[in-house]
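As a basis for the values below, the full set of heavy atoms in this structure was taken, side chains included, without hydrogen atoms, waters or symmetry mates.
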Amino acid sequence: MKHQQHSYFLPVKGYQLHIRRLLPLQQPIGTVLMLHGAIGNSRIFYSQSGKGLGCYLADQGFAVYCADYAGRGRSLPHSSSGFDHSQQQLICQDIPALVRHVAEANQQPLHLIAHSWGGVLAAASLSRHPELLPLVQSKVCFGSKRRIRVQSFEKKLKIDWMWNRLAPWLAERHGYFPAKRWRFGADDEPKQFLLDCIRWIEQDAFVDCSDGFDYKTASQNTTWPELWHFVAEKDRVLGHPDDVKAFMAEANQLQARFTHLSKASGALADYDHISMLTHPLAVQDHFPTLADWLVSLKPK
């Protein structure tokens, strides 16, 4: 392992966001902020043993910041304590605070890397707060979609029944969604965030659940930084290539690089929604390609 890790907390209006900072042993060649998806936390990007995309990029010389959303991971307080948190709070408070903090700490624009729902939230935050755009050099998404239009038995089971019906019932009963206990995902979810997420997956309109802000119009008028979207061959529901492309069109990101991670396309494995960030072969496959691309974007 060619980097050091440590945790600290960023205070944001009554709660604290946990950040895992991965620093290379030499002077950093760039800065990366990583945002996780729903029912998850920042551990999708790193491990103490040095596995994960965050660790890989730190070993290549990047200063990497892996953030836990409010109520999740090691952020305080946890959603299971009765703490609630909305999607709008994340879009309008937390992501802007994280972007500013990381950019200011390193005195340079950052590369924003997001998994799944994190890519949607990042797009919403940047389009609503264009003053953040000069601080973001590139935006990379793994399996990011807003709506799930694909139809299959797996979709009906996981989304229509478990996510749209059982999850809200559990959240109402417990005051938060105990996703980890029910093995829905890697972490629990605040109740309001869950309800906001369900609305966006189901509804056509890309507008704010709290105040109606029109993210689609804002996105269409946004001059995006360099973009790259990854999809995985076995990601048949949570980041289906067709749904990712639909999100790219909605957010005015069709100019982005687009990579389908499959053996048929030259990848070393047929990855899924999680394994495209955790598979052992990724460090020989798309991780080096991504790292080289980030280096090529380094400010002169």
Side-chain angles (χ1 to χ4, degrees), residues 1-10 16-26 28-76 78-80 98 101-102 105-106 110-119 121-122 140-144 179-181 183-189 230 232 234-235 238-239 261 267-292 294-295:
M1 194 161 65
K2 302 175 183 177
H3 69 273
Q4 299 176 333
Q5 300 185 17
H6 75 278
S7 292
Y8 66 98
F9 294 88
L10 179 67
Q16 298 183 68
L17 303 179
H18 168 253
I19 299 175
R20 188 71 169 182
R21 180 162 55 188
L22 318 176
L23 292 178
L25 301 182
Q26 71 273 21
I29 62 173
T31 307
V32 175
L33 171 61
M34 311 192 95
L35 301 177
H36 63 82
I39 53 173
N41 56 50
S42 63
R43 291 300 296 270
I44 187 71
F45 297 117
Y46 76 92
S47 69
Q48 291 184 335
S49 63
K51 297 178 181 178
L53 177 58
C55 294
Y56 178 85
L57 292 176
D59 286 344
Q60 304 308 306
F62 290 90
V64 180
Y65 296 74
C66 305
D68 286 328
Y69 298 153
R72 282 142 282 195
R74 294 172 62 184
S75 292
L76 299 172
H78 193 264
S79 57
S80 59
L98 287 165
H101 168 72
V102 173
N106 293 273
L110 56 87
H111 302 287
L112 187 57
I113 298 180
H115 178 234
S116 193
W117 200 246
L121 298 172
V140 181
C141 296
F142 287 86
S144 295
K180 190 173 182 179
R181 185 194 315 173
R183 298 186 179 182
F184 275 64
D187 211 331
D188 302 326
E189 202 83 282
F230 289 86
K234 291 186 177 180
D235 194 353
L238 299 179
L261 296 170
L268 297 177
D270 286 329
Y271 300 93
D272 62 26
H273 195 64
I274 301 298
S275 69
M276 58 179 155
L277 288 173
T278 61
H279 198 290
L281 289 175
V283 298
Q284 306 169 39
D285 207 350
H286 48 288
F287 285 9
T289 306
L290 174 58
D292 289 343
L294 295 178
V295 170

Kindly determine whether Cys66 and Ile19 satisfy side-chain contact (heavy atoms from CB on, under 4.5 Å), including the steps that lead there.
CA-CA 6 Å; Cys66 305; Ile19 299 175; over 6 Å; no

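- The side chain to side chain contact (heavy atoms under 4.5 Å, CB included) test with Val64 is passed by exactly one of Leu57, Ile113, Leu110, Val102: Leu57.
- Partners of His115 under the ring-ring contact (aromatic ring centres under 6.0 Å, His included) rule, at least two apart in sequence or in another chain, are His273.
- Evaluation of the salt bridge (charged side-chain N to carboxylate O under 4.0 Å, His left out) rule for Arg20 yields no partner, not counting sequence neighbours.
- Between the side chains of Asp272 and Ser275, at least one donor N or O sits under 3.5 Å from an acceptor N or O.
- Of the possible donor and acceptor atoms, one in the side chain of Gln5 sits under 3.5 Å from a partner among the backbone N and O of Ser47.
- One distance of note links OH of Tyr65 with CG of Leu10; it measures 11.5 Å at 0.5 Å rounding.
- Taking the side chain to side chain contact (heavy atoms under 4.5 Å, CB included) definition, one finds that Lys2 meets it with Asp59, sequence neighbours left out.
- A donor and an acceptor atom, one from each side chain of Arg72 and Ser79, are nowhere located under 3.5 Å apart.
- The closest donor-acceptor contact from the side chain of Thr278 to the backbone of Ile274 lies under 3.5 Å.
- Expressed to the nearest 0.5 Å, how far CG of Leu261 lies from CG of Asp235 amounts to 10.0 Å.
- Here the closest non-hydrogen pair linking Gly50 and Cys55 is O-CB, 3.2 Å.
- Put simply, the side chain of Phe62 does not reach to within 4.5 Å of the side chain of His3, judged on heavy atoms.
- Remark: the backbone N or O of Ser116 is paired with a side-chain donor or acceptor of Ser144 at under 3.5 angstrom.
- Atom CG of Leu53 is separated from atom CD of Gln60 by 10.0 Å, given to the nearest 0.5 angstrom.
- Lys180 is linked by a side chain to side chain contact (heavy atoms under 4.5 Å, CB included) to Asp188, counting only residues two or more places apart in sequence or in another chain.
- Taken from CG in Leu277 to OH in Tyr56, the straight-line distance is 14.0 Å, to the nearest 0.5 Å.
- Taking Asp270 as the reference, nothing meets the side chain to side chain donor-acceptor pair (under 3.5 Å) condition, with sequence neighbours excluded.
- Atom OG1 of Thr31 sits about 11.0 Å away from atom CG of Leu294, to the nearest 0.5 Å.
- Val283 and Pro288 get closest at one heavy-atom pair: O-CG, 3.2 Å.
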Can you check side-chain contact (heavy atoms from CB on, under 4.5 Å) on Leu25 and Gln4, steps first, answer last?
CA-CA 7 Å; Leu25 301 182; Gln4 299 176 333; 3.7 Å; yes

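- Applying the side chain to side chain contact (heavy atoms under 4.5 Å, CB included) test to Leu281 and every residue at least two apart in sequence or in another chain returns Leu268, Ala269, Tyr271, His279, Gln284.
- Checked against side chain to side chain contact (heavy atoms under 4.5 Å, CB included), Phe9 has the following partners two or more places apart in sequence or in another chain: Gln16, His18, Leu76.
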Exercise answer: donor-acceptor pairs, residues 33-45 side-chain atoms, under 3.5 Å, sequence neighbours excluded:
unit_1	atom_1	unit_2	atom_2	d
His36	ND1	Gly40	O	3.4
His36	NE2	Tyr69	N	3.1
Asn41	OD1	Arg43	N	3.0
Asn41	ND2	Asp187	OD2	3.0
Ser42	OG	Asp68	OD1	2.7
Arg43	NE	Tyr46	O	3.4

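- Checked against the 6.0 Å centroid criterion, the rings of Tyr8 and His101 qualify as a close aromatic pair.
- When all heavy atoms of Ala58 and Pro24 are compared, the closest pair comes out as O-CB, 3.3 Å.
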Criterion side chain to side chain donor-acceptor pair (under 3.5 Å) on Arg21 and Ser7, from CA distance to verdict:
CA-CA 6 Å; Arg21 180 162 55 188; Ser7 292; over 6 Å; no

